[in-house]
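Each chain gets a letter, A, B and so on, in the order the sequences are listed, and its residues count up from 1.
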Amino acid sequence: GNSVTQMEGPVTLSEEAFLTINCTYTATGYPSLFWYVQYPGEGLQLLLKATKADDKGSNKGFEATYRKETTSFHLEKGSVQVSDSAVYFCALVRNSGYSTLTFGKGTMLLVSP
Amino acid sequence: GAGVSQSPRYKVAKRGQDVALRCDPISGHVSLFWYQQALGQGPEFLTYFQNEAQLDKSGLPSDRFFAERPEGSVSTLKIQRTQQEDSAVYLCASSPPPQEAGANVLTFGAGSRLTVL
């Protein structure tokens, strides 16, 4: 079956530090990959996505590259801000039929001034 | 509407009570999903509707859980005889039809947090 594994948090960084949150997946076929973000008290929001191998998704300074050979989709940002503090979820969906997302457990990011 | 709306945002129930959670999806989104998010965990799939048809209910944890979408728009997730292990945030999401562009991008509501005492 499909599964997503992401690094445990919390990840604690100072403002302007470099961020990496690791995500690896197991899936049949060729899924699409996503990062969702959940700010305190809010719903999940799509951050970025990639639909095929070697695609790079990017948004708000975050980026992730779909690596088929390592089955990974690590999230990176060169310089984090306090406002980036949130829980980040890696997810995948099969590319046929309807879109049942499979999520990782989430990684909390805490950025201090 | 502009987004996915869920109500109530917070619900406290005594063990054994029945609860109903409402989801109002984005207008025109025929696909609707319910997810359960336990504390500290990622969301887990419960059920999927395409219009009024419930095409997948494989994630419903027991027969105490029931979902409906009678007119293909608003959906209700009902939990009968609630148990403490039902405490979680229940998320609703909607998306365009499977054959349309953007179909694999789900828009989530803020969720309904259920606490069973």
message = Using heavy-atom distances under 4.5 Å, tell me whether L46(A) contacts chain B through its side chain, its backbone, both, or neither.
response =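 Contact with chain B is through the side chain of L46(A) alone.
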
key: Region of Q6(A) that comes under 4.5 Å of a non-hydrogen atom in chain B   =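 The answer is neither part of Q6(A).
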
Side-chain donor-acceptor pair present, Q45(A), E42(A), cut-off under 3.5 Å =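 E42(A) and Q45(A) do have a side-chain donor-acceptor pair below 3.5 Å.
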
query = Among R113(B), E44(B), Q37(B), who wins on heavy-atom pairs under 4.5 Å with chain A?
reply =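 Of the options given, most contacts go to Q37(B).
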
query = Between A110(B), P43(B), G111(B), G42(B), which shows the greatest number of heavy-atom pairs under 4.5 Å with chain A?
reply =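 Greatest number of close heavy-atom pairs with chain A: P43(B).
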
Heavy-atom side-chain proximity of Q80(B) to F66(B) below 4.5 angstrom =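 A side-chain contact is absent here, since even the closest heavy-atom pair is not under 4.5 Å.
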
ask   = Going by heavy atoms in the side chains, are T26(A) and T71(A) under 4.5 Å from each other?
value =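 No, side chains not in contact.
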
message = Please determine whether residues V19(B) and V12(B) belong to a single hydrophobic cluster, defined as Ile, Leu, Val, Met, Phe, Trp and Tyr linked transitively by side-chain heavy-atom distances below 4.5 Å.
response =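 No, V19(B) does not connect to V12(B) through the hydrophobic network.
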
